[in-house]
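In the text below, chain A, chain B and the rest are named by the order of the sequence lines, each starting its count at 1.
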There are 4 protein chains.
Amino acid sequence: MAKRSETSRRSILDATLRLLSADDMTVQKLSIEAIAREAGVGKTTIYRWWPSKAAVVVDAFMENHLLHTPVQTDVSVRSALESHLRSLIGQYAGPPGRLVSQLIAEIQYDPRTRQTFLERFFYGRYYAIIELVQRGIDNGELAADLDAEVVSEMIYAPVYQHLLFGHRPLRPELATSLVDQAFALAGAGPARDAQGQARVSAA
Amino acid sequence: MAKRSETSRRSILDATLRLLSADDMTVQKLSIEAIAREAGVGKTTIYRWWPSKAAVVVDAFMENHLLHTPVQTDVSVRSALESHLRSLIGQYAGPPGRLVSQLIAEIQYDPRTRQTFLERFFYGRYYAIIELVQRGIDNGELAADLDAEVVSEMIYAPVYQHLLFGHRPLRPELATSLVDQAFALAGAGPARDAQGQARVSAA
Amino acid sequence: MAKRSETSRRSILDATLRLLSADDMTVQKLSIEAIAREAGVGKTTIYRWWPSKAAVVVDAFMENHLLHTPVQTDVSVRSALESHLRSLIGQYAGPPGRLVSQLIAEIQYDPRTRQTFLERFFYGRYYAIIELVQRGIDNGELAADLDAEVVSEMIYAPVYQHLLFGHRPLRPELATSLVDQAFALAGAGPARDAQGQARVSAA
Amino acid sequence: MAKRSETSRRSILDATLRLLSADDMTVQKLSIEAIAREAGVGKTTIYRWWPSKAAVVVDAFMENHLLHTPVQTDVSVRSALESHLRSLIGQYAGPPGRLVSQLIAEIQYDPRTRQTFLERFFYGRYYAIIELVQRGIDNGELAADLDAEVVSEMIYAPVYQHLLFGHRPLRPELATSLVDQAFALAGAGPARDAQGQARVSAA
DNA sequence: CGATAAACGAGACGGTACGTCTGGTCTTGTG
DNA sequence: CACAAGACCAGACGTACCGTCTCGTTTATCG
């Protein structure tokens, strides 16, 4: 019998985030011993419920640091895309970005956690974007012969490339650039919709 | 006096690759002790010349596993892009892909090695693609108002997204899809108006 | 209310002996967890009724492995002593000897169990031997001025010394040697004067 | 290369004795981690040079607590025996006795250490006593037909029996009793030889 | 050409963390 | 209410590596 202790679960996840919030702490340097120590918990309790350090970090991250990246539905697809990306980039430019990039690093070594990570972190946003792009195709904002999934990745993936390679800092303007390029109207701004229409009718 | 021993350098890099070629070996599990043991070398010799395990792996990788991803110049930009991507994907789908993804993981924790990695691995291809896209813009294959760098990333980054997230297996057809969508989005007209006239005339 | 479960008590003691009968098992390596597991019993049940691992082992040993070391009363004291020692040594030379030596080891660390061990294992034989020796003194087989307790220990203790130090293997002939020497030292005369007359007449 | 560090060796043995000198500390409770902590030494250093906790304790004990149990040569064998036993008992009655009894406990579980213990602790005294008894036989203090080794054990083993079973406290008078019984003249003192003869003739 | 100083292999060192095991205690149903 | 089941905190186990630090022992210029 003996049910799982919710108190321990919370202390462990809290301790994990507390430790990770230190400036020079990384997921790599974080140890299960340190988590147990900080949480006032036996190591066994961690090993009993999580298969790896990365799994604990994913859980901790998901429960407390859920990224808010809303997808608006009452505006044009283009606006919704841009504001979604802008919000995502804004968060990745700060401390959560460091954590996300380290989580992506960890899943290269831990297939079980990769699955968890995809399910709880990635797929949600991934399919939301595809749906959004599909809506753009359906309502004529985007050309009819596009493949929504591929286009979504083209818009989305550069954000992760910047995050992971760090070849350029992540700046909010990237959101605009990406959407602009996707709509093939560099810097055309709000006039775009009309133009898009014109273009469609022209086609 | 006594110069650096080329023999030791080679044994270390060779040993590193030999160890990494084992099926269940990863950069994370690889240890400097194991490299020294395998290479028949004192640990000190490794620490004397490399700042970190990741640095050794980058060196080993660069010297022996250079990816061949040619950029053709005698064909259309579209063809050159597609064959370049296809070649890159082909290699990432195999063992070098596992290693590259682990190197990207490691640079999340080691800024010095990140720099080395970018310089010796990333920038080359990155700028080659930008140049190629720019050529496409210049010669009219792609719309004139595009930002070559952003477009390059949109074409390129999805490959890394697939490599790192593994949400879908890396398939060669991705190369075609990406180039197709890029030209559908941003070709000098045709994909958008479904006539292909502008592109033809521009070319 | 709920009385103590005899079933549990038996399973615990049985499991203890079963585990201890493995060739490479020792009291030191034996754990209460393992006993509980093997017995299909909660650890609490063991802790509720026994104060220590050693106490469980003593109980298990006493109930099932009682050493049979009869003291004959229809023969000379010398014969009775020798056959008693021979029987004891015979058993100590086998697996029970290993267990006894480990129990003696354990009581060095657990005063409560030392008491139990003495009462249930040691004193019986100890006083039986003293009585026997006293009988020898009374009936003239042994010199009248001897201290029965000290002489008993002199005869008895070497067996334990062999068992515990292992400087020589425990052999049945030791029984004869010890009794011989005891009667040579303290027999009512004969051994010392090399005639054996007195002993014969006394017997 | 790299020689063993004498400094570490000393700190380890010193720390071991320091920890063991605490009133409620036992060899069983003593942990290698605690020794390493107390000695300011890595656990590896202990494991590198000693096969077990017991081995460390034996070394520590031998180097610093060598029991002084002189065997006098300028007095009668009887006196030498008695004073040797008295000295041994005196030390076993104090803290070293606790340690010796625990070492004997440990060697029940560790054959390698049993060997070390016998060689460095036991055999010396064991053979010294045999020699002494043999001298007594040779010079007529003891009967000519005795077996020196068996008689030695009869005199010696009761001390360990008292130490290990604790059925009676270890008292110095035990030395006298044992020697008295061995010389078959309870409390008769130097006049013994004559009396021994007298008794024989009486029998 | 022989000295000499750096680089080298070997590996001991103080440490940290690993993942497992056990000790005792506490909790939660079941019979 | 004793029991089985087992979760819990605590902490030791023996191992693997970390990065630093001697050790002699090559080597390969430079005086």
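- Side chain of D/S8 to backbone of D/R4: no donor-acceptor contact under 3.5 angstrom is found.
- Proximity of D/W49 to the phosphate of E/dG11: no side-chain N or O atom is located under 4.0 Å from OP1 or OP2.
- Side-chain contact between C/L103 and C/F121 is absent, with no heavy atoms from C-beta onward closer than 4.5 Å.
- Rounded to an integer number of Å, the gap from B/R10 CZ to E/dC8 P is 15 Å.
- Side chains of B/V57 and B/L99 form a contact here, defined as non-hydrogen atoms less than 4.5 Å apart.
- A/R48 has a side-chain polar atom (N or O) that falls below the 4.0 Å cut-off from OP1 or OP2 of F/dC8.
- Not a single donor-acceptor pair under 3.5 Å links the side chain of C/T45 to the backbone N or O of C/V41.
- Rotation axes derived from the C1' atoms of the five outermost pairs at either end of the helix from E/dC1-F/dG31 to E/dG31-F/dC1 lie 10° apart, to the nearest 10°.
- Among the heavy atoms of the strands lying under 4.0 Å from D/R4 are primed sugar atoms or P, OP1, OP2 only; no base atom is included.
- A salt bridge is absent between B/K53 and B/E106; no separation between the charged side-chain nitrogens and carboxylate oxygens falls under 4.0 Å.
- With salt bridges taken as basic N to acidic carboxylate O contacts below 4.0 Å, none links A/R114 and A/E119.
- Checked against the 6.0 Å centroid criterion, the rings of A/F117 and A/F122 do not qualify as a close aromatic pair.
- For DNA chain F, the neighbouring residues in residues 26-47 of chain A, judged by any heavy atom under 4.0 Å, are A/G40, A/V41, A/G42, A/K43, A/T44, A/T45.
- Within the 4.0 Å cut-off from OP1 or OP2 of F/dA7, not a single side-chain nitrogen or oxygen of A/S8 is found.
- A/Q108 and B/R98 share no side-chain donor-acceptor pair at under 3.5 Å.
- Mapped onto DNA chain E by nearest heavy atom, C/P51 and A/K53 fall at different nucleotides, with A/K53 at the one closer to the 5' end.
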